[in-house]
A.B. asks: 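Structure incoming, see below.
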There are 2 protein chains.
Amino acid sequence: MSTKPSHHQRLTHQRRLVLEIIENSQEHPDAEAILLQARARDARISLATVYRALAFLKEAGLVQEHSLGQGHGHFEVAQSTPHYHFTCKQCARVIEFSAPEVIDIVRGLGEERGLQVTDVHLLLSGICDRCRSSQPALPHLADGSSHP
Amino acid sequence: MSTKPSHHQRLTHQRRLVLEIIENSQEHPDAEAILLQARARDARISLATVYRALAFLKEAGLVQEHSLGQGHGHFEVAQSTPHYHFTCKQCARVIEFSAPEVIDIVRGLGEERGLQVTDVHLLLSGICDRCRSSQPALPHLADGSSHP
DNA sequence: GTCCATGCAAACTGTTTGCACGCGC
DNA sequence: GCGCGTGCAAACAGTTTGCATGGAC
């Protein structure tokens with residue numbers, strides 16, 4: 001959304017800092033992680049400010065929030081090409097992938113049902129390649145019946 | 001040998017009650033909604049019990065939890081045919097849809113990347129058909145790209 | 001009698017908010 | 001100066017947990 005800033009100061013030091021941290025992160029940091037990194041560069045920044053900056057940046061369309069199945073939000077810079085996420089249940093690693101077919105499916109559904117779809121999240125979880133291979137041949141992890 | 005499970009009483013009155021409520025619900029109730037309905041039939045059931053019952057039923061594979069973009073869990077009976085969810089940002093209505101193509105995409109990705117995918121959530125949000133038509137032409141809710 | 005499940009309240013996590021101060025314009 | 005943005009702490013929502021009691025076998 002590109003409304004012109006009819007009000008005064010918008011992109012403050014702290015907000016810029018939060019944005020930079022997200023931009024420079026290969027991960028998908030959560031608010032706590034962002035706070036930690038922010039504190040390394042500005043000891044007095046508070047968690048509330050991080051959340052407010054995140055809200056601001058989301059509203060500005062610069063940052064997106066994703067729920068990656070861990071009960072709290074994760075953040076990344078808004079990207080023009082849609083992409084989706086796989087979360088490893090074992091090591092919590094997040095792998096991004098693109099799947100262009102998805103938007104076609106979604107578009108079809110939208111038209112079929114009269115829905116105006118503005119957000120699409122395809123979230124996979126399971127065991128990532130690394131964890132699978134470092135694992136002493138477990139027979140059937142697929143059903144998730146037991147374990148830590 | 002003993003056909004009994006190694007542990008004793010499993011499917012108690014309260015757990016059955018929670019399960020029935022979810023089964024009979026066309027909606028996707030959250031814990032609070034389940035508590036309310038449960039209280040109508042057993043005044044002394046507690047929220048903690050609801051949560052413990054939900055954990056038990058999930059573990060038993062009878063119930064699934066979904067994050068529908070509202071910051072808290074929603075529950076439904078586990079279904080054999082996978083399906084996905086659209087949440088209306090305006091009226092919070094949840095619409096289910098199936099999209100068989102999705103599992104193919106996911107299967108492809110899994111093989112390609114060596115991931116073992118156990119869970120797939122495709123979550124859409126936007127404006128539902130009802131809200132769109134009952135809407136007196138709102139100026140800028142309709143930016144097709146991303147976001148609020 | 002043995003355990004597990006329950007109820008209650010308190011703890012906990014992630015996030016939001018009220019209020020007074022403070023910085024940038 | 002003025003107003004928005006900040007920091008702090010308290011409030012909040014959703015969920016989990018410790019502990020003593022109660023129920024089903």
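Per chain, numbering begins at 1; letters A, B, ... match sequence-line order. Just so you know, these numbers come straight off a predicted model, no measurement behind them.
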A.B. asks: If a pair satisfies salt bridge (charged side-chain N to carboxylate O under 4.0 Å, His left out) and one of its residues is in residues 19-34 of chain A, list it, with sequence neighbours excluded.
C.D. replies: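 Salt bridge (charged side-chain N to carboxylate O under 4.0 Å, His left out) check on residues 19-34 of chain A returns A/Glu20-A/Arg41.
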A.B. asks: Rounded to the nearest angstrom, tell me the gap between atom CG in B/Leu35 and atom C1' in D/dT15.
C.D. replies: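 The answer, rounded to whole Å, is 13 Å.
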A.B. asks: Would you mind reading off the distance between A/Tyr51 atom OH and D/dA13 atom P, rounded to a whole angstrom?
C.D. replies: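 Those two atoms, OH and P, are 16 Å apart.
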A.B. asks: For A/Gln14 and D/dC4, give me the distance from atom CD to atom P, rounded to whole Å.
C.D. replies: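 The distance from CD of A/Gln14 to P of D/dC4 comes to 17 Å, rounded to the nearest Å.
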A.B. asks: Holding to side chain to side chain donor-acceptor pair (under 3.5 Å), I want the full list of residues that pass it with A/Arg93, two or more places apart in sequence or in another chain.
C.D. replies: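 Partners of A/Arg93 under the side chain to side chain donor-acceptor pair (under 3.5 Å) test: A/Asp129.
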A.B. asks: List, by chain and number, the other hydrophobic cluster members for B/Val94, where Ile, Leu, Val, Met, Phe, Trp and Tyr join if side-chain heavy atoms come within less than 4.5 Å, directly or indirectly.
C.D. replies: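 Under the 4.5 Å side-chain rule, B/Val94 groups with B/Leu68, B/Leu123.
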A.B. asks: Counting C-beta onward and ignoring hydrogens, is there a side-chain heavy-atom pair between B/Val77 and B/Leu62 closer than 4.5 Å?
C.D. replies: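 They are not in contact (no side-chain heavy atoms under 4.5 Å apart), so the answer is no.
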A.B. asks: For A/Glu76, which residues count as a side chain to side chain donor-acceptor pair (under 3.5 Å) partner, sequence neighbours excluded?
C.D. replies: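 Checked A/Glu76 against side chain to side chain donor-acceptor pair (under 3.5 Å); matches are A/His28, A/His66, A/His83, A/His85.
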A.B. asks: Looking at C/dT6, I'd like to know if its phosphate oxygens (OP1 or OP2) sit under 4.0 Å from a side-chain N or O belonging to B/Thr12.
C.D. replies: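 Checking B/Thr12 against C/dT6: at least one side-chain N or O falls below 4.0 Å of OP1 or OP2.
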A.B. asks: Please identify each residue that fulfils side chain to side chain contact (heavy atoms under 4.5 Å, CB included) with A/Ala99, with sequence neighbours left out.
C.D. replies: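 Partners of A/Ala99 under the side chain to side chain contact (heavy atoms under 4.5 Å, CB included) test: A/Tyr84, A/Phe97, A/Glu101, A/Val102, B/Ile105.
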A.B. asks: Identify, residue by residue, the members of residues 63-74 of chain B with a heavy atom below 4.0 Å from DNA chain C, and return them in order of residue number, or none.
C.D. replies: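 Of all residues in residues 63-74 of chain B, none places a heavy atom under 4.0 Å from DNA chain C.
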A.B. asks: Quick one: B/Leu17 CG to C/dA5 C1', roughly how many Å, whole number?
C.D. replies: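 It works out to 14 Å between those atoms.
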A.B. asks: Scan residues 30-62 of chain B for pairs that pass ring-ring contact (aromatic ring centres under 6.0 Å, His included), counting only residues two or more places apart or in two chains.
C.D. replies: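 Of all non-adjacent pairs touching residues 30-62 of chain B, none passes ring-ring contact (aromatic ring centres under 6.0 Å, His included).
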A.B. asks: Taking atom P of D/dT16 as reference, at what distance in whole Å does atom CZ of B/Phe56 sit?
C.D. replies: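 Atom CZ in B/Phe56 sits about 16 Å away from atom P in D/dT16.
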A.B. asks: Between atom CZ in B/Arg16 and atom P in C/dA5, what is the gap in whole Å?
C.D. replies: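 It is 14 Å, rounded to the nearest whole Å.
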A.B. asks: Nearest whole angstrom, please: distance from the P of D/dG5 to the CG of A/Leu11.
C.D. replies: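 Roughly 11 Å, once rounded to whole Å.
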A.B. asks: Under 4.0 Å from any atom of DNA chain C, heavy atoms only: list the residues of residues 37-47 of chain B that qualify, in numerical order.
C.D. replies: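 The answer is B/Arg44, B/Ile45, B/Ser46.
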A.B. asks: Atom CG of B/Leu54 to atom P of D/dT15: distance rounded to whole Å?
C.D. replies: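 So the two atoms are 9 Å apart, to the nearest Å.
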A.B. asks: Are any protein N/O atoms closer than 3.5 Å to N/O atoms in nucleotides 18-20 of chain C? If there are, list each pair with its distance.
C.D. replies:
{"from": "C/dG18", "atom 1": "O6", "to": "A/Arg52", "atom 2": "NH1", "distance (Å)": "3.3"}

A.B. asks: Scan for salt bridge (charged side-chain N to carboxylate O under 4.0 Å, His left out) pairs involving residues 65-75 of chain B, sequence neighbours excluded, and state none if there are none.
C.D. replies: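 Only B/Lys58-B/Glu65 qualify under salt bridge (charged side-chain N to carboxylate O under 4.0 Å, His left out).
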A.B. asks: Which pairs count as salt bridge (charged side-chain N to carboxylate O under 4.0 Å, His left out) when at least one residue sits in residues 46-57 of chain A, sequence neighbours excluded?
C.D. replies: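 Every candidate salt bridge (charged side-chain N to carboxylate O under 4.0 Å, His left out) pair involving residues 46-57 of chain A fails, so no pair, neighbours aside, qualifies.
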A.B. asks: Taking only the side-chain nitrogens and oxygens of A/Thr49, find out if one of them lies under 4.0 Å from OP1 or OP2 of D/dG5.
C.D. replies: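 It does not, given that no N or O in the side chain of A/Thr49 lies less than 4.0 Å from OP1 or OP2 of D/dG5.
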A.B. asks: Got B/Asp42 and B/Arg44 here, is their nearest side-chain heavy-atom distance under 4.5 Å?
C.D. replies: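 In short, these two side chains touch, coming nearer than 4.5 Å.
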A.B. asks: Listed by chain and number, what are the side chain to side chain contact (heavy atoms under 4.5 Å, CB included) partners of A/Thr49, not counting sequence neighbours?
C.D. replies: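 Only A/Gln14, A/Ile45, A/Ser46 meet the side chain to side chain contact (heavy atoms under 4.5 Å, CB included) criterion with A/Thr49.
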